[in-house]
Each structure stands twice: as C-alpha cells, then as structure tokens.
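To keep things clear, I will list the structure first and then write my remarks on it.
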Amino acid sequence: QVQLVESGGGSVQAGGSLTLSCEVYGNTEFNYCMGWFRQAPGKEREGVATRATDSTTHYADYVKGRFTISQDSAKGTLYLQLNSLEPDDTAMYYCASSSLRFCGRYEVDQRPYNTWGQGVQVTVSS
C-alpha cells in the first residue's frame with residue numbers, strides 16, 4: 001500500500017513561485033504513474049501534470065510553460081515547480097499515484113489514479 005504526503009504549499013503574490021513535494025511511502029512496485037491535480041473552491045478537481053515510470057510527462061494546457069513535474073528516482077519523491085503563478089492557480093493541490101499499467105495514456109485525466117495524498121493549499125494573490 002502506498003501513502004503520499006504533500007508539502008510546500010503556501011501563499012504568494014501573482015508572478016511568484018512555489019515548489020510542492022510529495023513524499024512516497026510503502027510498496028511502490030506497482031506505481032506506474034504519479035501526478036498532480038488541483039481543486040479550486042466550487043470547482044471540479046482537474047489535472048495539472050503527470051509523469052509515468054518511463055519519464056513521459058503530460059501537462060494541462062493551463063499550466064504548460066509555467067509548471068514542471070519531476071521525480072527524484074532515488075527517493076521517489078515527486079515535485080511540482082510552479083512558476084509565474086496566477087490567481088487562477090489558487091487551489092488545493094493533490095499528489096496521486098496510479099497502479100494502472102497503461103496510466104500514461106490518460107495524460108492528465110485523473111481516472112486511473114487510485115491513491116491520493118491529503119492535499120496542500122496554494123493561494124495566489126493579485
């Protein structure tokens with residue numbers, strides 16, 4: 001069983017940067033994809049960025065060029081670098097993992113993700 005613990009959220013002004021981290025605990029043998037998702041107040045949860053075990057990454061159009069997903073191969077920690085933040089980026093950000101072998105085909109779709117962290121708040125002020 002995998003456990004995910006996010007950290008690094010906070011409050012920044014528009015144009016600022018943050019780095020989110022997701023520590024991974026437990027048996028990761030069947031972790032085929034990991035990703036970041038977010039949910040703003042009153043909105044559905046949406047995909048942000050995902051990464052498969054072959055290092056293929058996918059980004060939602062609204063974060064391309066501003067956010068970068070990466071993973072420390074030794075520790076397994078997943079990161080999300082958020083640059084040029086905008087007020088619309090304000091949301092709870094969640095780390096998730098998928099044990100579906102072909103999860104990479106889903107790009108930033110959250111359907112194959114079956115383990116979730118508790119979330120971390122990112123607030124961007126104008």
Side-chain angles (χ1 to χ4, degrees):
Q1 187 174 353
V2 174
Q3 289 184 312
L4 306 174
V5 180
E6 302 98 331
S7 62
S11 297
V12 297
Q13 290 192 323
S17 298
L18 283 172
T19 302
L20 306 184
S21 299
C22 175
E23 302 283 347
V24 185
Y25 301 94
N27 182 5
T28 61
E29 180 180 358
F30 301 106
N31 259 15
Y32 295 113
C33 293
M34 293 196 69
W36 290 96
F37 302 83
R38 68 186 186 185
Q39 186 169 20
K43 294 187 177 181
E44 298 286 322
R45 188 166 58 192
E46 61 185 11
V48 175
T50 61
R51 183 183 184 281
T53 50
D54 64 0
S55 300
T56 302
T57 57
H58 296 282
Y59 294 90
D61 287 344
Y62 35 82
V63 304
K64 277 181 183 176
R66 300 189 299 121
F67 292 7
T68 302
I69 188 171
S70 62
Q71 190 166 21
D72 182 318
S73 57
K75 296 190 293 184
T77 304
L78 187 73
Y79 301 97
L80 185 68
Q81 178 66 39
L82 298 78
N83 296 329
S84 302
L85 282 161
E86 303 168 353
D88 284 348
D89 296 318
T90 295
M92 186 73 79
Y93 283 71
Y94 296 91
C95 173
S97 67
S98 174
S99 58
L100 179 67
R101 189 179 293 272
F102 301 108
C103 48
R105 297 179 181 178
Y106 287 79
E107 299 188 356
V108 295
D109 188 327
Q110 60 185 294
R111 284 177 293 173
Y113 289 81
N114 46 19
T115 299
W116 294 81
Q118 81 287 353
V120 62
Q121 180 67 38
V122 172
T123 302
V124 185
S125 57
S126 57

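Hydrophobic clustering (ILVMFWY, side-chain heavy atoms < 4.5 Å, transitive): Y94 and V124 are in distinct clusters. Both V63 and L20 belong to a single network of hydrophobic side chains, linked directly or stepwise wherever heavy atoms of I, L, V, M, F, W or Y lie under 4.5 Å apart. Both Y93 and V2 belong to a common hydrophobic cluster when Ile, Leu, Val, Met, Phe, Trp and Tyr are linked at side-chain heavy-atom distances under 4.5 angstrom. Hydrophobic clustering of Ile, Leu, Val, Met, Phe, Trp and Tyr side chains at less than 4.5 Å, counting indirect connections, keeps V24 apart from F30. Clustering ILVMFWY residues whenever any of their side-chain heavy atoms sit less than 4.5 angstrom apart, transitively, puts Y62 in the very cluster that holds W36.
Summarising the geometry, atom OG belonging to S99 is positioned 8.0 Å from atom CG belonging to N31; distances are rounded to the nearest 0.5 Å. The line from CG of L4 to OG1 of T115 is 6.0 Å long, rounded to the nearest 0.5 Å. The CG atom of L100 lies 8.0 Å from the CG atom of N114; values are rounded to the nearest 0.5 Å. With rounding to the nearest 0.5 angstrom, the CD atom of Q13 is 9.0 Å from the OG atom of S126. For the atom pair T56 OG1 and R105 CZ, the distance stands at 12.0 Å (nearest 0.5 Å). Between the CG atom in L80 and the CG atom in L82 there is a gap of 4.5 Å [rounded to 0.5 Å].
Between F37 and Y113, the ring planes are perpendicular. Angles over 60° get that label, and only those under 30° would be called parallel.
For the residue pair V120 and G9, the shortest heavy atom distance occurs at CG2-N, 3.2 Å. For the residue pair G8 and L18, the shortest heavy atom distance occurs at O-CD2, 3.9 Å. The two atoms that bring Q121 and A91 nearest to each other are NE2-O, 3.4 Å, heavy atoms only. Of all heavy-atom pairs spanning A14 and P87, the tightest one is CB-CD, 4.1 Å.
When T50, T68, V108, I69 are each tested for a side-chain contact (heavy atoms from CB on, under 4.5 Å) with T57, only one passes: I69.
Counting only heavy atoms from C-beta outward, the side chains of D89 and F67 approach each other to under 4.5 Å. Side-chain atoms of Y79 and S70, non-hydrogen and from C-beta on, do get closer than 4.5 Å to each other. Side-chain atoms of Q110 and W116, non-hydrogen and from C-beta on, do get closer than 4.5 Å to each other.
The salt bridge (charged side-chain N to carboxylate O under 4.0 Å, His left out) pairs that include a residue from residues 43-58 are R38-E46, where partners are two or more places apart or lie in different chains. For residues 4-34, the pairs satisfying disulfide (SG to SG under 2.5 Å) are C22-C95, C33-C103, with sequence neighbours left out.
Atom OH of Y59 has more than 12 neighbouring heavy atoms from other residues, nucleotides or ligands inside a 6.0 Å radius. Heavy atoms from other residues, nucleotides or ligands lying under 6.0 Å from CD of Q39 number more than 12.
Side-chain N/O atoms of Q81 and T19 include a donor and acceptor closer than 3.5 Å.
With E6 contributing its side chain and Q118 its backbone, the two residues share a donor-acceptor pair below 3.5 Å.
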